[in-house]
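To keep things clear, I will list the structure first and then write my remarks on it.
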Amino acid sequence: MRYRIEYADGKCCNFAISRKDLIEWLKLLHDETITDIRKVYKSGVTDSVMETYKSYINKN
């Protein structure tokens with residue numbers, strides 16, 4: 001599953017290829033303001049999963 005991490009008011013984003021990779025990105029981006037985390041499905045549809053990973057953002 002791919003994830004898109006949006007930060008800097010939607011001007012920039014990063015992609016994670018797995019949940020483990022997403023958590024590593026969140027550790028690296030602890031100084032950035034993350035505005036949304038979206039799960040990207042194979043069809044291209046996205047869903048916000050920000051609430052699920054909010055605890056990982058707040059830890060940093």
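Atom set for the values below is all heavy atoms of this structure, side chains included, hydrogens, waters and symmetry mates excluded.
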Within a strict 4.5 Å, meaning less than it, do heavy atoms of the [X] and [Y] side chains meet?
X     : Y     : answer
Lys39 : Met1  : yes
Leu28 : Asn14 : no
Lys27 : Tyr56 : no
Asp47 : Tyr41 : yes
Met50 : Ile34 : yes

Within the distance-only criterion (no hydrogens, no angle test), does the side chain of Trp25 pair as donor or acceptor with the backbone N or O of Ile5 below 3.5 angstrom?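 Not a single qualifying donor-acceptor pair exists.
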Side chain Thr46, main chain Val40, donor-acceptor under 3.5 Å: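 It does not hold such a pair.
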What pair of heavy atoms forms the shortest contact from Ala16 to Asp21, and how long is it?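 The pair with the smallest heavy-atom distance is CA-OD2, 3.3 Å.
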Hydrophobic clustering (ILVMFWY, side-chain heavy atoms < 4.5 Å, transitive) - are Ile57 and Phe15 grouped together?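 Different clusters.
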Atom pair [atom1] ([X]) and [atom2] ([Y]), whose distance is rounded to the nearest 0.5 Å:
X     : Y     : atom1 : atom2 : value
Tyr3  : Leu26 : OH    : CG    : 11.0 Å
Glu32 : Cys12 : CD    : SG    : 8.0 Å
Ile23 : Ser18 : CD1   : OG    : 8.5 Å

